[in-house]
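These notes are about the structure you will find just below.
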Amino acid sequence: MTAALTTRVAKADSAAAAEAARILAAGGLVAFPTETVYGLGADAANGPAIARLYEAKGRPAFNPLIAHVVDLEAARELARFDARTMRLAQAFWPGPLTLVLPKLRKCRVAELATAGLDTIAVRVPNHPVARDVLAAFGKPVVAPSANRSGHVSPTRAEHVKADLAGRIDLIIDGGATPVGVESTIVACLGEPALLRPGGVTRAALERTLRHTLAYIPPAISSADDTPLAPGMLASHYAPHTRLRLNAHYVEPGEVLLGFGPTPPEGAKRAKKVLNLSPRGDLIEAAANLFSHLRVLDAAGGSTIAVMPIPAAGLGEAINDRLARAAAPR
Ligand code: TXA
Ligand code: MG
């Protein structure tokens, strides 16, 4: 482990963005909000900084990172775009879409960040604080979610602090992140394929592409914190408490993660109840997902019973994260 750092928490403003840029330039680590979740940023060209980032997260070093850039023009310095990829970028950037693309030879992103692959994941975030940090720094920033590897992704500065205080230099507090689940990852290395459902829905992507999108599940694509190797089940986004999905009733001793207006059988027995969206809105549910999981995980229930969540729209990403949180480990 690295010697303990003093982690400063700063309110999001232009001074904080300037400080972030100074820290990044010096090889330090800065957590900042994006529209999806908080990211832990490092200078994408600085190998030692990226090594420290992996160590701070406790993440397996062979798992590649997303390069965040301020606009499409900056992205084109890193990766090759064809006509179809340009269509996706123009339709969804800035926003919660990550594209996995062929890496250009002139791309300055450190090998450690791309795990030695000849592809690179790129995204242009649309959160004003993330944009301020990228503009102030002026170069690509790699940023995985700002949690310890395997933990629930952070949607508030307090979540980052709980996981990473003493391990990083600065946390910029910009309040709760609006989308609440990570970016959608689409591989554009031939036929576009969905690697991770996320903040941009499959339906929206398919409308822009004008065809259906194959889903390469994480067991083979590893669109999350698992190595790029076949046969690995992604137990991830993992609370300590076991999850029971598609719960239509509540057992004594359980806590309940609800969805929609109608409580399940036995809901009064629950030790604690949180509802992702009492009105059954999937956008609201995505925004609440990780913070509700954290609170219920700390509530001392035997199990977190989770009501069924519809699969449409953002429901695909929500169900994906819940399935990982419930995976055996
Ligand atoms: O919303 C998000 O995408 C957030 C915010 C901070 O931008 N970031 C995020 O990063 O979720 P991370 O590192 O937690 O997840 C990115 C995933 C990695 O698990 C990795 O497997 C995948 O993207 N990835 C990165 N580069 C890849 C590549 N070249 N090929 C396939 N997958 C890749
Ligand atoms: Mg992550």
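Atoms within a ligand are numbered from 1 in the order they appear, just like the ligands themselves.
A donor-acceptor contact closer than 3.5 angstrom is absent between the side chains of R196 and T98. Side-chain contact check for K161 and T7: no donor-acceptor pair (N or O, by modelled atom type) lies under 3.5 Å. Under the 3.5 Å distance criterion, with hydrogens and angles disregarded, a donor-acceptor pair is assigned to the side chains of D163 and H151. No side-chain donor from either of R80 and T119 sits under 3.5 Å from a side-chain acceptor of the other. Between the side chains of E182 and S145, no donor-acceptor pair of N or O atoms lies under 3.5 Å.
For the pair R244 and Y249, the cation sits on the ring face: its NZ or CZ lies under 6.0 Å from the ring centre, inside 45° of the axis.
Near S145, meaning under 4.0 Å from any of its heavy atoms, are these atoms of ligand 1: 8 (N), 9 (C), 10 (O), 12 (P), 14 (O). Every atom of ligand 1 is numbered from 1 in the order shown, and the set under 4.0 Å from a heavy atom of S183 is 1 (O), 2 (C), 3 (O). Atom numbering of ligand 1 starts at 1 in the shown order; those under 4.0 Å from a heavy atom of G39 are 6 (C). Close contacts of ligand 1 with A121, meaning ligand atoms under 4.0 Å from a residue heavy atom, involve 25 (C), 26 (N), 27 (C). Every atom of ligand 1 with a heavy atom of A143 under 4.0 Å away is listed here by number and element: 6 (C), 8 (N), 10 (O). Taking every heavy atom of R196 and a limit of under 4.0 angstrom, the matching atoms of ligand 1 come to 2 (C), 3 (O), 9 (C), 11 (O), 15 (O), 16 (C).
Ligand 1 has no N or O atom lying under 3.5 Å from any N or O atom of T34, backbone or side chain. Not a single N or O atom of K57, backbone or side chain, sits closer than 3.5 Å to an N or O atom of ligand 1. Residue E182 has no N or O atom closer than 3.5 Å to an N or O atom of ligand 1. Remark: ligand 1 and Y38 share no N or O pair separated by less than 3.5 Å (distance only, no angle test).
Only the side chain of I185 comes within 4.0 Å of ligand 1, counting heavy atoms alone; its backbone N, CA, C and O stay farther away. Contact annotation: for T119 versus ligand 1, heavy atoms closer than 4.0 Å belong to both the backbone and the side chain. Both the backbone and the side chain of P64 come within contact range of ligand 1, each with a heavy atom under 4.0 Å.
Here the rule is side-chain contact (heavy atoms from CB on, under 4.5 Å) with W93, and of L88, L99, N126 only L99 fits it.
Side chain of D297 to main chain of T241: a donor-acceptor pair is present (N/O by atom type, distance under 3.5 Å, no hydrogens or angles).
Residue contacts with ligand 1 do not include K103, since none of its heavy atoms lies under 4.0 Å from the ligand. The shell of residues lying under 4.0 angstrom from ligand 1, judged by heavy atoms, excludes P96.
Within the coordination shell of the Mg ion (ligand 2), defined by N, O or S atoms under 2.8 Å, S145 is present.
Of all heavy-atom pairs spanning M307 and F259, the tightest one is CE-O, 3.4 Å.
Of the listed residues (T36, T98, L97), the one carrying the non-hydrogen atom nearest atom 1 (O) of ligand 1 is T36.
Taking 4.5 Å as the limit, every side-chain heavy atom of H68 sits out of range of all side-chain heavy atoms of V124. For the pair I283/L314, a side-chain contact is recorded, criterion being any heavy-atom separation below 4.5 Å from C-beta on.
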